[in-house]
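See structure below.
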Number of protein chains: 2
Amino acid sequence: MKYKESHTLILNNIARFIDLTELEKQKYLSLLTEIKVKKKAFLMQAGDVAKYEYFITKGCLKVYTLDEDGAPHISMFAVEDYWTGDIASFMMKKPTPYFIKATEHSELLGISRANYDLLFQEIPKFEKFYRILYQKSLISYIQRSNHGISLTAEERYIEFKRKYPQIVNRITQKDLAGYIGITPEFMSKIISKVNRM
Amino acid sequence: MKYKESHTLILNNIARFIDLTELEKQKYLSLLTEIKVKKKAFLMQAGDVAKYEYFITKGCLKVYTLDEDGAPHISMFAVEDYWTGDIASFMMKKPTPYFIKATEHSELLGISRANYDLLFQEIPKFEKFYRILYQKSLISYIQRSNHGISLTAEERYIEFKRKYPQIVNRITQKDLAGYIGITPEFMSKIISKVNRM
DNA sequence: GAAAAAAAATGAACTAGTTTAAGACTTTTA
DNA sequence: TAAAAGTCTTAAACTAGTTCATTTTTTTTC
């Protein structure tokens, strides 16, 4: 069966961990909602309860919090083939501390909380899919939380460039600074230093 | 049915997310290995392939890496009712960068990789258990990786004390410094400052 | 329970990263 | 397409956290 591009992308993402029959694929796709966000528009704002978990089929978004001084701390950038959202807010139905803003015109597939619960009843294989997906995310967050504490800002920048070369060129230096955990001024210094090396 | 203390502890831990029949409980327990480690002994050393994922029934352990300069970076403390190990090494059968050392005489239940795989075949409910366990761990690592980058050392210390009051008193200040990501000297200063407040 | 080893405290000199401010460059918007 | 808004660069003064060295206190070991 032939699917549209965004559906092929999400089905391939899922096929990394589990095999679905045609019928299951169609059932799964029927549980998703298509969402478009313009550049600079918000997908989520602090105080909201997360209505969806998102899969990005096109574009780029940043997930961030604002601290007491109003300074942004970016926790992730999400591009095509990535999952994003606030899983704590989504699961516990409590207000999120996050903002999610499109840095490019973006297209997403969202699964609502009701459909997420339904999914496990209708296609129990998805327990395995999410078990493995969360396991992999966990592995990378464990690494990131250690790096955040044990590496210098310069090392974190070099590591980010090595790990996400496709993202570096799509985001501003200022946002990258917000992710690395330093000021834009210091980010500028690091970049000119690293480029000089 | 009456179980020994360590078995009751792990069964209660699992019962937070899934219900098992008596038969399933017995099957599950049969897949576990009992492990004891003396204070200062290693459960795992860098270069090993992780043979088990562990549940702690008694004691306290620290999980850490050594950087190029030989300085320890502690990624977690594990006490009774906690799960630990190196999930990346365990899953991918590749060498671990971690050391796991008992800071007290400790007792654990381990599940081997072969039995972990068997578990999902024999009791598919465990997909759900691990899906939720990994989801919860993910939520706390997401928070920790953000805090590691956006909070000051003093704030991280206060946060650790608030979140793990039962652990603070069981570990040395030096190890806590290795977890917070600062030198023992600076940890000492922070503690005397915070206590003075 | 004495001796040895490890942990904790303190202080002075140092470095990674911040703050503030100002000018140049780039992108967005009317 | 001009003006406004946002991003990037540079630099000087500052602060959070490190390093090194020494002393005191606590824990471990025989």
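Chain naming here is simple, since letters A, B, ... match the order of the sequence lines and numbering starts at 1 in each.
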Who passes ring-ring contact (aromatic ring centres under 6.0 Å, His included) against B:Tyr116, sequence neighbours left out? B:Phe90, B:Phe120, B:Tyr130
With nearest nucleotide decided by heavy atoms, which residue, A:Leu151 or B:Ile191, maps closer to the 5′ end of DNA chain C? B:Ile191
Suppose the criterion is ring pair (Phe, Tyr, Trp, His ring centres under 6.0 Å): which pairs have a residue in residues 136-168 of chain A, not counting sequence neighbours? A:Phe160-A:Tyr164, A:Phe160-A:Tyr179
Answer yes or no: does atom NZ of A:Lys136 have more than 12 heavy-atom neighbours from other residues, nucleotides or ligands under 6.0 Å? no
Select from B:Thr172 and A:Lys40 the residue whose nearest nucleotide in DNA chain C is closer to the 5' end of that strand. B:Thr172
Using a 6.0 Å cut-off, check whether atom CG of A:Asp19 has over 12 heavy atoms from anything other than its own residue. no
Rounded to the nearest angstrom, tell me the gap between atom NZ in A:Lys193 and atom C1' in D:dT9. 17 Å
Give one of base, sugar-phosphate or nothing for A:Thr183, where a contact means two heavy atoms less than 4.0 Å apart. base
Would a 4.5 Å heavy-atom cut-off, applied to side chains only, mark A:Met187 and A:Ile191 as touching? yes
Pairwise side-chain contact, B:Thr103 with B:Arg170, heavy-atom cut-off 4.5 Å (strictly under): no
Please state how far atom NE2 in B:His105 lies from atom C1' in D:dT28, giving the value in whole angstrom units. 18 Å
Contacts of B:Lys39 and A:Lys174 projected onto DNA chain D by closest heavy atom; the upstream (5') one is A:Lys174
Return the value, rounded to whole Å, for the distance between atom CD1 of B:Ile190 and atom C1' of D:dG17. 8 Å
Among D:dT19, D:dC8, D:dT18, the nucleotide that comes nearest once only the side chain of B:Glu185 is considered: D:dT19
Can you measure B:Asn169 atom CG to D:dT26 atom P for me and round it to whole angstrom units? 16 Å
Taking side chain as C-beta onward, heavy atoms only, is B:Leu20 less than 4.5 Å from B:Ile123? yes
Does anyone know the first and last nucleotide of DNA chain C in reach of chain B, 5' to 3', at under 4.0 angstrom to a heavy atom? C:dA7 to C:dA12
Touch check for B:Thr152, heavy atoms < 4.0 angstrom, all strands: base, sugar-phosphate only, or nothing? sugar-phosphate
Atom CZ of A:Phe186 and atom C1' of D:dG17 are separated, to the nearest Å, by 13 Å
